[in-house]
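First comes the structure, then the notes that go with it.
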There are 2 protein chains.
Amino acid sequence: MKNNSSFKNKLEESGHSFTSQRAEVYSILCENAPAHLTAEEIFIKLTQRHLKIGLSTVYRTLGIFTNIGITDKVDFDDGMSRYELVENFDGKNHRHHHLICLGCGRVEDALDDLMEDLENDVLEKFSFNIIDHSVKLYGYCAECSMKNKIETGSK
Amino acid sequence: MKNNSSFKNKLEESGHSFTSQRAEVYSILCENAPAHLTAEEIFIKLTQRHLKIGLSTVYRTLGIFTNIGITDKVDFDDGMSRYELVENFDGKNHRHHHLICLGCGRVEDALDDLMEDLENDVLEKFSFNIIDHSVKLYGYCAECSMKNKIETGSK
DNA sequence: AATATAATGAGAATGGTTCTCAATTAAGGA
DNA sequence: TCCTTAATTGAGAACCATTCTCATTATATT
């Protein structure tokens, strides 16, 4: 699990109370990292654990977490938002690279290299100061690529 | 306006009829390119023009357009999807770079350079074959950057 | 023109998310 | 520790973009 006290600090610094519900949501996120969970999935996991929490509270909590940089809200166009822990929410970081397989739907996280070149380029050409970015790469994972080759008989 | 007959071809090739409603939605998209319109915005523009069309038809049409590569569906996390014409839907192309200003909310389209390096990198490291990508860059446009500097008095 | 198939549109339904508000809990001072 | 105040919680209602339904209408083919 992540450092719990820095989580607490982050909450208090931003003027929010440390509550049991917020700690519970946080612990689910930690235990399931680096998964991208929906609000409802988190709600169900907590309920299965016999921790009583309201769905509204889960949404509210995730909203706060995202605002203060504990989580990132990501959207894979399947009708609901997902939340993932920011890698190291003490330092500045912004990486949201997801490899989304069009075959099996699996989502993998990827590295954040090379984006700096692109960002510098954009600053030069557009005078646009990039604060954050979201990159989604759609394609076929190794497994599905293999499967496709066999099925289509392509060389 | 774009070449209308290739639009018609694209529809027929994919087994869809050419209807007046589809032509109307297409013409709104052409006239407003490169804007990113919501289904409702398109519906309103058509209604103002006294062209009768149902909102469901607009949604359905945009769904088809996106499926057959006439439009791209983009999402700026403001609660509704937007649609934009694919640059040249006859050839293979995939560029969805948007500069989203956190100050004024304006969305600008950016170039697609440098992504090839990143894609090659991902193929090497993850054996993941990229078909398409979506890149959203959040930050401050030239104007808002200027405004921020004045307000905060930072050098 | 006639028939079969596809498209349309009005409104209902859906479903993820946000809102409301009364009850509960946390925070900080005395 | 107790008290006061402000913040948080939770159940359900409300919201709202999008999808679905199905009777009507238009398109394509014979």
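Chain A is the first sequence line, chain B the second, and so forth, proteins listed ahead of strands; every chain is numbered from 1. Atom set for the values below is all heavy atoms of this structure, side chains included, hydrogens, waters and symmetry mates excluded.
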Under the side chain to side chain contact (heavy atoms under 4.5 Å, CB included) test against B:Leu85, which residue among B:Asp72, B:Asn32, B:Thr71 passes? B:Thr71
5' to 3' contact window, DNA chain D with chain A (heavy-atom distance under 4.0 Å): D:dA7 to D:dG12
Toward the 5' end of DNA chain D, which comes first, B:Ala39 or A:Val58, by nearest nucleotide? A:Val58
Would one find more than 12 heavy atoms of other residues, nucleotides or ligands at under 6.0 Å from atom CD of A:Glu12? yes
Is the phosphate of C:dT17 approached by A:Ser81 (side-chain N or O, under 4.0 Å from OP1 or OP2)? yes
Atom-pair distance (CZ on B:Arg22; P on C:dA6), nearest Å: 11 Å
So, A:Asp109 versus A:His98: side-chain donor-acceptor pair below 3.5 Å or not? yes
Given atom CD of A:Glu41 and atom C1' of C:dT17, what is their separation to the nearest angstrom? 15 Å
Rounded to whole Å, the CD1-P distance (B:Ile53 to C:dG11) equals 16 Å
I'd like to know whether A:Arg60 forms a side chain to side chain contact (heavy atoms under 4.5 Å, CB included) with A:Thr57, so could you lay out the CA-CA distance, the side-chain angles of the two residues, the decisive distance to 0.1 Å, and finally the verdict. CA-CA 5 Å; A:Arg60 248 185 323 236; A:Thr57 303; 3.4 Å; yes
What are the atom names and distances for every N/O pair under 3.5 Å that joins the protein to nucleotides 18-29 of chain C?
from, atom 1, to, atom 2, distance (Å)
C:dC19, N4, A:Ser56, OG, 3.4

Using a 4.5 Å cut-off on heavy atoms from C-beta on, say whether the side chain of B:Glu143 contacts that of B:Arg106. yes
Separation of C:dG9 atom C1' from B:Glu40 atom CD, nearest Å, is 16 Å
Closest approach of B:Ile100 and B:Lys136, non-hydrogen atoms and distance? CD1-CD, 3.8 Å
Euclidean distance, atom CG of residue A:Asp77 to atom P of C:dG15 [Å, nearest integer]: 19 Å
Would you call the rings of A:Phe7 and A:Tyr26 parallel, tilted or perpendicular, where under 30° means parallel and over 60° means perpendicular? parallel
Partners meeting salt bridge (charged side-chain N to carboxylate O under 4.0 Å, His left out) with B:Arg82 (sequence neighbours left out): B:Asp78
